[in-house]
Amino acid sequence: DTEVTQTPKHLVMGMTNKKSLKCEQHMGHRAMYWYKQKAKKPPELMFVYSYEKLSINESVPSRFSPECPNSSLLNLHLHALQPEDSALYLCASSQGYLGRMNTEAFFGQGTRLTVV
Amino acid sequence: SQQGEEDPQALSIQEGENATMNCSYKTSINNLQWYRQNSGRGLVHLILIRSNEREKHSGRLRVTLDTSKKSSSLLITASRAADTASYFCATAPGYSTLTFGKGTMLLVSP
């Protein structure tokens, strides 16, 4: 199984809502990532988890709250978002650190988020 | 911050033609990777080239790396309509993350 599964595929939420994005992989990867991608732009890193611990937070606003309940799951909790947070949110995983171990990242299909 | 810059931003070719995309980056790297993204979907890994490699092939893909010029190229030979996608180069300037370039949108017409 070389898949990263993200749910839901689409999400529309109001600015006062609380919602969560979910990501799951069963490849035994110990590094997991959240990326944000706006239209016609490259993905931008948000968070990196390594061995279920948050290792990198790219100065992401606190209305985005990541969680790694176990080695296979990664969540992104959303609260009080703004319309400009509308984007494609991508989850990825890798066997190890991407630079040091010369390994590739596996991406999910993303969650298309619209904040109204 | 962005590490890679792709060139051209957009490329339109006919089926059967070759497509060449270039990528420049700024800092030293351990490897450079190329990914494909179909219309707002997830990214798919295409090929990884290590900093001590100069050229690598995978099927119809050929990647070169010139660390002295901090640049890489991706060549897709005998393109097909199914190759229509955005192509991103990505580097790992640190040891734990991937930083993507701006991407090249490739359109292959039948």
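Throughout, protein chains are lettered first and strands after them, A, B, ... in sequence-line order, and every chain is numbered starting at 1.
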Does [X] have more than 12 heavy atoms from other residues, nucleotides or ligands lying within 6.0 Å of its [atom1]?
X	atom1	value
B/R80	CZ	no
B/E53	CD	yes
A/E67	CD	yes
B/M105	CE	no
A/K18	NZ	no
B/K56	NZ	yes

For the [atom1] atom of [X] and the [atom2] atom of [Y], what is their distance to the nearest 0.5 Å?
X	Y	atom1	atom2	value
B/S86	A/Q37	OG	CD	8.0 Å
B/K102	A/K40	NZ	NZ	15.0 Å
A/F107	B/R41	CZ	CZ	14.5 Å
A/T103	B/N30	OG1	CG	12.5 Å

Original post:
Are A/Y33 and A/L76 co-members of a hydrophobic cluster defined by side-chain heavy atoms under 4.5 Å apart?
Top reply: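 Shared cluster, no.
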**OP:** Determine whether B/T99 and A/L45 make a side-chain contact, defined as any pair of heavy atoms from C-beta on separated by less than 4.5 Å.
**Re:**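 They are not in side-chain contact.
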**OP:** Over all heavy atoms of both residues, which pair between B/Q37 and A/L90 is shortest? Give the atoms and the distance, please.
**Re:**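 Closest pair (atom of B/Q37, atom of A/L90, distance): NE2-CD1, 4.4 Å.
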**OP:** Return the minimal non-hydrogen interatomic distance between B/F88 and A/P42, and the atom names on each side.
**Re:**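 Result for this residue pair: CE2-CA, 3.7 Å.
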**OP:** Run the numbers on B/L98 and A/Y35 for side-chain contact (heavy atoms from CB on, under 4.5 Å), then give the verdict.
**Re:** CA-CA 10 Å; B/L98 271 184; A/Y35 280 86; 3.4 Å; yes
**OP:** Tell me, out of A/R112, A/Q6, A/Q109, who's got the most heavy-atom pairs with chain B below 4.5 Å.
**Re:**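 The candidate making the most pairs under 4.5 Å is A/Q109.
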